[in-house]
Amino acid sequence: MNARKRMLRWASGIMLVLGAGHLSLVALIAWKDITGWVDRGMWAAVPLLPTEGAVQTVESLQNKFAFWAAPGSFAVPLILLGCLTWHLAGRGVAVPAGIGWGLAAWCVLGGVLLVPSPFFAGAISGALIILAARHEDRTEAAREQEMDLA
């Protein structure tokens, strides 16, 4: 396995663990609210239209927290990005460095705002994507130099 593929596989593994871990942890914490969605229907997770004169109760706030912390959070897109990165690494295609920079910036900001948290592990994933993209650029430049010399 070449270095770029290894870096991208590590980056995707970190993203998958972070996303799945986040969803699992919220499922354990808010299990009562999540099972309540099954009883009342998924549309009951976050009602679209507030009822007139309704006062926010602790239960309704907990219900909204459970939605925005689990299926409405960035955990699901993070898992999807991890799967895409894994797939592209298997095909030998590097993920653009811009994705790595965005992921690293988002994770560093989240880690600073929400200390202590595993957000900083996501920054490692972003850095690995950046390094894998730069590694591809270097190997292409070296190949072009060799072609020019020949």
Side-chain angles (χ1 to χ4, degrees), residues 1-50 54 56-144:
M1 186 180 328
N2 64 14
R4 182 180 68 226
K5 184 175 181 178
R6 193 173 320 120
M7 285 188 276
L8 288 175
R9 289 278 166 103
W10 272 100
S12 64
I14 292 169
M15 288 185 276
L16 290 170
V17 167
L18 285 175
H22 186 270
L23 288 178
S24 301
L25 186 62
V26 172
L28 290 173
I29 292 171
W31 184 252
K32 187 179 93 179
D33 294 316
I34 293 170
T35 56
W37 300 341
V38 175
D39 293 341
R40 297 184 312 261
M42 284 301 288
W43 56 88
V46 180
L48 296 177
L49 299 174
Q56 292 279 340
T57 63
V58 172
E59 291 81 20
S60 69
L61 290 175
Q62 285 176 336
N63 191 41
K64 289 177 184 176
F65 161 78
F67 174 78
W68 289 112
S73 72
F74 200 75
V76 175
L78 190 62
I79 291 170
L80 294 173
L81 181 61
C83 289
L84 177 65
T85 304
W86 186 277
H87 175 75
L88 291 176
R91 300 183 126 213
V93 178
V95 177
I99 300 296
W101 283 111
L103 181 63
W106 175 70
C107 289
V108 166
L109 179 65
V112 168
L113 293 175
L114 192 65
V115 173
S117 75
F119 259 111
F120 291 114
I124 294 168
S125 184
L128 287 170
I129 291 172
I130 295 164
L131 290 173
R134 294 184 88 191
H135 183 8
E136 180 185 30
D137 293 340
R138 286 186 195 138
T139 56
E140 283 181 19
R143 272 190 236 126
E144 286 177 9

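Here the structure is a predicted model, which means the values were calculated and not measured. Residue indices begin at 1 and follow the sequence shown.
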Where do [X] and [Y] come nearest, in terms of heavy atoms and distance?
X      : Y      : answer
Ala89  : Arg9   : CB-NE, 3.9 Å
Gly110 : Ser117 : O-OG, 4.3 Å
Ser12  : Gly82  : CB-O, 3.1 Å
Ala94  : Arg4   : CB-CD, 3.7 Å
Pro71  : Val76  : O-CG2, 4.0 Å
Ala133 : Val95  : CB-O, 3.6 Å

Which value, rounded to the nearest 0.5 Å, describes the distance between [X] atom [atom1] and [Y] atom [atom2]?
X      : Y      : atom1 : atom2 : result
Lys5   : Trp10  : NZ    : CH2   : 15.5 Å
Arg6   : Leu128 : CZ    : CG    : 11.5 Å
Arg91  : Leu8   : CZ    : CG    : 14.0 Å
Leu84  : Ile79  : CG    : CD1   : 14.0 Å
Ile124 : Ile129 : CD1   : CD1   : 12.5 Å
Phe120 : Leu18  : CZ    : CG    : 12.5 Å

Discussion item. In the structure I gave you, are the side-chain heavy atoms of His22 and Leu78 within less than 4.5 Å of one another anywhere?
Written reply: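 The answer is no; the side chains never approach within 4.5 Å.
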
Fill in: Sub-4.5 Å side-chain heavy-atom contact between Thr85 and Ile99
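Counting from C-beta outward, Thr85 and Ile99 never come under 4.5 Å.
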
Discussion item. Among Val26, Leu25, Asp33, exactly one meets side chain to side chain contact (heavy atoms under 4.5 Å, CB included) together with Ile29. Which residue is that?
Written reply: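 Considering Val26, Leu25, Asp33, a side chain to side chain contact (heavy atoms under 4.5 Å, CB included) with Ile29 is found only for Leu25.
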
Worksheet item: Which of these passes side chain to side chain contact (heavy atoms under 4.5 Å, CB included) with Met15: Cys107, Pro77, Ser125, Cys83?
Response: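 By the side chain to side chain contact (heavy atoms under 4.5 Å, CB included) criterion, Met15 pairs with just one of Cys107, Pro77, Ser125, Cys83: Ser125.
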
Discussion item. Looking at Phe65, I want to see if its CZ is surrounded by more than 12 non-hydrogen atoms of other residues, nucleotides or ligands under 6.0 Å.
Written reply: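 No, not enclosed.
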
Discussion item. Ring-plane angle category for Phe74 and Trp106, please: parallel below 30°, perpendicular beyond 60°, tilted otherwise.
Written reply: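 Tilted: the ring planes of Phe74 and Trp106 meet at 30° to 60°.
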
